Each structure stands twice: as C-alpha cells, then as structure tokens.
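Here is how names work: the chains are called A, B, and so on, in the same order as the sequence lines, proteins then strands, and each is numbered from 1. Just so we're clear, the structure is a prediction, and the values are computed from it rather than from any experiment.
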Number of protein chains: 2
Amino acid sequence: MYERKIPLTIDCGLHLTREILNGKWKPALLNAISMDIKRPSEFVRMLPDATRRVLNVQLKELEEHGIIVKKIYPQLPPKVEYSLTDIGWSLMPIIDAMNVWGDKNREFLEKVIAQDPKTKKTSKSPCEVLRKVSETSHH
Amino acid sequence: MYERKIPLTIDCGLHLTREILNGKWKPALLNAISMDIKRPSEFVRMLPDATRRVLNVQLKELEEHGIIVKKIYPQLPPKVEYSLTDIGWSLMPIIDAMNVWGDKNREFLEKVIAQDPKTKKTSKSPCEVLRKVSETSHH
DNA sequence: CAGAATCCACCAGGATACTG
DNA sequence: CAGTATCCTGGTGGATTCTG
C-alpha cells in the first residue's frame with residue numbers, strides 16, 4: 001500500500017498545478033520540448049490531432065505562466081524554438097510520472113476509457129507518430 | 001538541471017493519464033479520499049466552489065475508470081463512502097507531486113495565474129476550508 | 001444524507017482560410 | 001515556416017429544484 005511521505009493537509013498546490021497543466025495538449029507539449037522537440041512544425045507533426053491554432057494558444061499560455069520561453073529567430077523562413085524555464089524543468093518529474101503511470105497501466109486504461117461513451121476515438125495513435133518524429137527531428 | 005532517468009520516447013501514457021485526471025475536481029477528490037475524507041458531504045464542505053452534482057459526476061467517472069470504489073451503506077440516513085482502488089493508490093504519488101510542486105511554487109504561480117485575465121477568482125480559498133474539514137472529519 | 005432531473009452559459013478546442 | 005482571424009459546436013461545469 002502507498003505510504004505518504006509528506007503529510008498533505010491542504011490541496012491549494014494541487015489546484016495551482018492543475019491550472020498550469022490545464023489544457024489538452026500542454027503535457028504533451030512540455031514532454032516534447034523536454035525531449036528537444038521544440039519547433040512548432042515538429043509539434044504539429046507530433047500531434048496530428050491538434051490544430052496549429054490550438055497548439056499556439058496553449059504554448060502561449062505556458063509561456064505566460066512562465067513554464068516555457070519562446071525564442072524567435074529573425075530569419076526567412078521564420079524559425080521559432082521553445083525551451084523550458086527552470087520552473088518548467090522542475091515540472092518534468094510530474095510529466096514523466098504521468099507518462100510512466102499511463103504506460104504501465106495502458107492495457108487497463110485503454111479498456112476503461114474506450115468503454116467510456118463520451119470518449120471520441122482519435123484517428124491516429126500518437127505513439128508511432130511521435131516515435132517517427134523523434135527519429136528524424138534533428139535532421 | 002533535470003536529469004531524465006527513463007528515456008521517454010512516446011507519450012501515449014501521458015494522454016491516458018491526462019484523460020483519467022481530466023476534470024476540474026478530480027485531483028482534489030482523489031487527494032481527499034487518500035486522506036480518508038471520503039464521504040460526499042465532506043467533499044462538499046471541502047470544496048465549496050464545486051456543486052454536488054459536479055462532484056457526483058466526477059466521482060462517477062473516477063469510479064467507471066476504476067480509480068475509486070463506491071460503497072453504499074443501506075441505511076437511513078444513507079451513507080456512502082469512497083475509497084481508492086489499487087490503481088487509484090498507484091496514482092497518488094503523482095497527485096502528491098502535483099501538490100508539492102504547486103505548494104513550493106505557490107508564490108510565483110499565484111502571481112502568473114492571477115495576472116491571467118481568464119482566471120476567475122474563486123470566492124473562498126480552499127486551503128482553510130480543507131484544513132478545518134480534516135480536523136473534524138473523524139468525529 | 002445522497003442524488004437525479006433540468007436548464008443553461010461559457011469556453012476550449014476544432015475547421016478553414018488568409019498573411020508575412 | 002510561423003501566426004492570426006473567423007466561425008462554430010460540444011461538452012464541462014454551474015444553479016436550481018425535486019425525490020428517497
């Protein structure tokens with residue numbers, strides 16, 4: 001059974017963290033950036049089910065919340081790169097834990113979520129896509 | 001700088017976990033249940049900004065997803081208690097991490113989130129409320 | 001005390017098209 | 001390649017009322 005190391009008496013922190021991570025693609029974006037996939041075009045390839053617009057919106061929020069930084073290279077064609085701030089990096093253990101937990105329980109979770117009527121099936125599995133991207137993302 | 005222990009090449013797990021935790025009050029509910037605050041009336045007291053209905057909805061989803069279990073005592077007045085399943089417990093380190101991270105960065109986060117125009121101020125701080133509840137929750 | 005039934009407002013997120 | 005402007009809809013979550 002799970003043993004709590006720290007006595008948690010309040011959950012404000014929980015709400016704050018939820019607020020920061022609140023957005024359909026934010027965890028995935030953070031995960032991507034931490035893996036050095038940090039250009040908008042790469043995000044789009046990596047998350048085929050998301051729109052450029054939505055990704056931009058969520059990236060902007062993450063930026064405004066101080067989690068990531070946007071660097072614009074004044075070139076033609078334009079080049080943009082995102083990177084994690086210190087606070088952003090400090091968030092990664094949580095993202096990783098979510099990733100690991102989801103992977104570990106994938107079989108079970110896919111079943112219970114699939115049986116959920118309000119779950120819309122996404123056309124493509126993000127898995128293979130991301131795998132491809134990360135192989136080719138650095139030319 | 002953050003050193004990644006496990007090479008993460010896919011983020012499906014991330015999506016699954018997000019799906020499970022997707023719901024405004026789910027993390028707080030899980031946190032509460034793990035702290036042995038597990039009766040509907042306690043939830044309502046603990047989260048004054050949430051409606052009974054919404055809490056019920058989210059509890060039901062958590063139950064359908066196999067994260068919690070609902071036990072109904074056939075009495076008058078009715079009594080209901082929720083508890084975490086094994087999978088639910090295995091999720092707690094993540095909830096805790098979120099709680100800790102949010103607490104640690106509270107000052108910063110409150111600032112950046114407050115300056116966010118689309119953040120609606122909640123009337124009461126959940127902190128004091130929860131503190132009160134946990135003091136009195138076991139009669 | 002627990003919870004179902006309505007009704008509804010709002011906004012996150014998706015589709016599309018256009019500019020630099 | 002990057003970003004913005006519209007437009008639209010589905011669903012989340014809130015308010016209220018009513019039962020056992």
Side-chain angles (χ1 to χ4, degrees), chain A residues 15 18-29 33 37-65 68 70-82 113 116-124 126 133 137 139, chain B residues 15 18-29 37-65 68 70-82 116-124 126 133 137 139:
Chain A
H15 283 89
R18 239 206 87 263
E19 194 64 32
I20 294 297
L21 258 25
N22 194 25
K24 188 166 178 180
W25 307 103
K26 281 183 190 173
L29 285 170
I33 297 174
I37 300 176
K38 48 188 177 182
R39 300 194 52 192
S41 56
E42 295 175 322
F43 298 147
V44 171
R45 249 179 299 143
M46 185 178 104
L47 304 166
D49 292 327
T51 310
R52 282 199 85 92
R53 195 189 73 82
V54 175
L55 292 182
N56 281 339
V57 169
Q58 311 219 345
L59 285 164
K60 187 166 192 179
E61 286 178 9
L62 287 171
E63 194 190 357
E64 288 171 347
H65 287 168
I68 61 176
K70 176 181 191 172
K71 168 145 197 196
I72 305 177
Y73 295 84
Q75 312 176 340
L76 277 180
K79 181 177 169 184
V80 168
E81 280 186 357
Y82 290 91
I113 290 179
D116 189 338
K118 68 180 166 312
T119 307
K120 322 128 198 158
K121 327 291 170 209
T122 64
S123 43
K124 311 137 196 158
V133 173
S137 61
H139 322 271
Chain B
H15 283 89
R18 240 206 87 263
E19 195 64 32
I20 295 298
L21 256 25
N22 194 26
K24 188 166 178 179
W25 307 102
K26 282 184 190 172
L29 285 169
I37 300 176
K38 47 190 178 183
R39 299 193 54 191
S41 55
E42 293 175 324
F43 299 148
V44 171
R45 249 179 300 145
M46 185 178 104
L47 303 166
D49 291 327
T51 310
R52 281 200 86 92
R53 196 190 71 84
V54 175
L55 292 181
N56 282 337
V57 169
Q58 309 219 346
L59 285 164
K60 186 166 192 180
E61 285 177 9
L62 287 171
E63 192 190 358
E64 286 170 348
H65 287 168
I68 62 175
K70 176 181 190 172
K71 169 145 197 195
I72 304 176
Y73 296 85
Q75 313 176 340
L76 276 180
K79 179 178 170 185
V80 168
E81 280 186 357
Y82 290 90
D116 190 337
K118 67 178 166 315
T119 307
K120 321 128 199 155
K121 326 291 168 211
T122 64
S123 43
K124 312 135 197 161
V133 172
S137 62
H139 324 272

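For the helix from C:dC1-D:dG20 to C:dG20-D:dC1, the rotation axes defined at the first and last 5 base pairs enclose an angle of 40°, given to the nearest 10°.
One finds the OG1 atom of B:Thr51 at 8.5 Å from the CH2 atom of B:Trp25 (value rounded to the nearest 0.5 Å). Residue A:Leu21 holds its CG atom at 8.0 Å from CG of A:Leu62, rounded to the nearest 0.5 Å. Remark: B:His15 NE2 to A:Lys24 NZ distance equals 8.0 Å, nearest 0.5 Å. Rounding to the nearest 0.5 Å places NZ of B:Lys71 at 12.5 Å from CZ of B:Arg39.
When all heavy atoms of B:Phe43 and B:Leu29 are compared, the pair lying nearest together is CG-CD2, 3.8 Å. Heavy-atom minimum distance, A:Leu47 versus A:Ala28: CD2-CB, 4.1 Å.
Atom CD in A:Glu42 sits roughly 13 Å away from atom P in D:dG3 (whole-Å rounding). Spacing between atom CG of A:Leu47 and atom P of C:dA15 amounts to 14 Å, rounded to whole angstrom units. When rounded to the nearest whole Å, the span between CZ of B:Phe43 and P of C:dC1 equals 14 Å. When rounded to the nearest whole Å, the span between CG of A:Leu29 and P of C:dA12 equals 16 Å. Straight-line distance from the CD1 atom of A:Ile72 to the P atom of C:dG20: 17 Å, rounded to whole Å. Across the protein-nucleic acid pair, B:Gln75 atom CD and C:dC1 atom C1' stand 10 Å apart, rounded to whole Å. Between the CZ atom of A:Arg52 and the P atom of C:dA17 there is a distance of 16 Å, rounded to whole Å. Going from atom CD of A:Glu81 over to atom C1' of D:dG3 covers 17 Å, rounded to whole Å.
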I'd like a list of close polar pairs between nucleotides 12-14 of chain D and the protein, N/O only, cut-off under 3.5 Å.
unit_1 : atom_1 : unit_2  : atom_2 : d
D:dG13 : OP1    : B:Lys24 : N      : 2.8
D:dG13 : OP2    : B:Gln58 : NE2    : 2.6
D:dG13 : N7     : B:Arg53 : NH2    : 2.9
D:dG14 : OP1    : B:Lys24 : NZ     : 2.8
D:dG14 : OP2    : B:Trp25 : NE1    : 3.2
D:dG14 : N7     : B:Arg53 : NH2    : 2.9
D:dG14 : O6     : B:Arg53 : NE     : 3.0
D:dG14 : O6     : B:Arg53 : NH2    : 2.8

Could you list, one pair per line, each protein nitrogen or oxygen that sits under 3.5 Å from a nitrogen or oxygen of nucleotides 17-20 of chain D, together with the distance?
none

For residues 75-82 of chain A, please give each side-chain donor-acceptor pair under 3.5 Å, one per line with the distance, not counting sequence neighbours.
unit_1  : atom_1 : unit_2  : atom_2 : d
A:Glu81 : OE1    : A:Tyr73 : OH     : 3.3

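Every side chain to side chain contact (heavy atoms under 4.5 Å, CB included) that B:Glu61 has, sequence neighbours left out, goes to A:Lys118, B:Lys26, B:Val57. With sequence neighbours left out, the side chain to side chain contact (heavy atoms under 4.5 Å, CB included) criterion links A:Glu19 to B:Ile113.
Without hydrogens or angle criteria, A:Gln58 side chain to A:Leu55 main chain gives no donor-acceptor distance under 3.5 Å. A:Glu42 contributes a side-chain N or O that, together with a main-chain N or O of A:Lys38, makes up a donor-acceptor pair within less than 3.5 Å.
Contact check, B:Lys60 against C:dA2: no side-chain N or O comes under 4.0 Å of OP1 or OP2.
Residue B:Lys70 is in sugar-phosphate contact alone, with no base atom involved, counting any heavy-atom pair closer than 4.0 Å across all strands shown.
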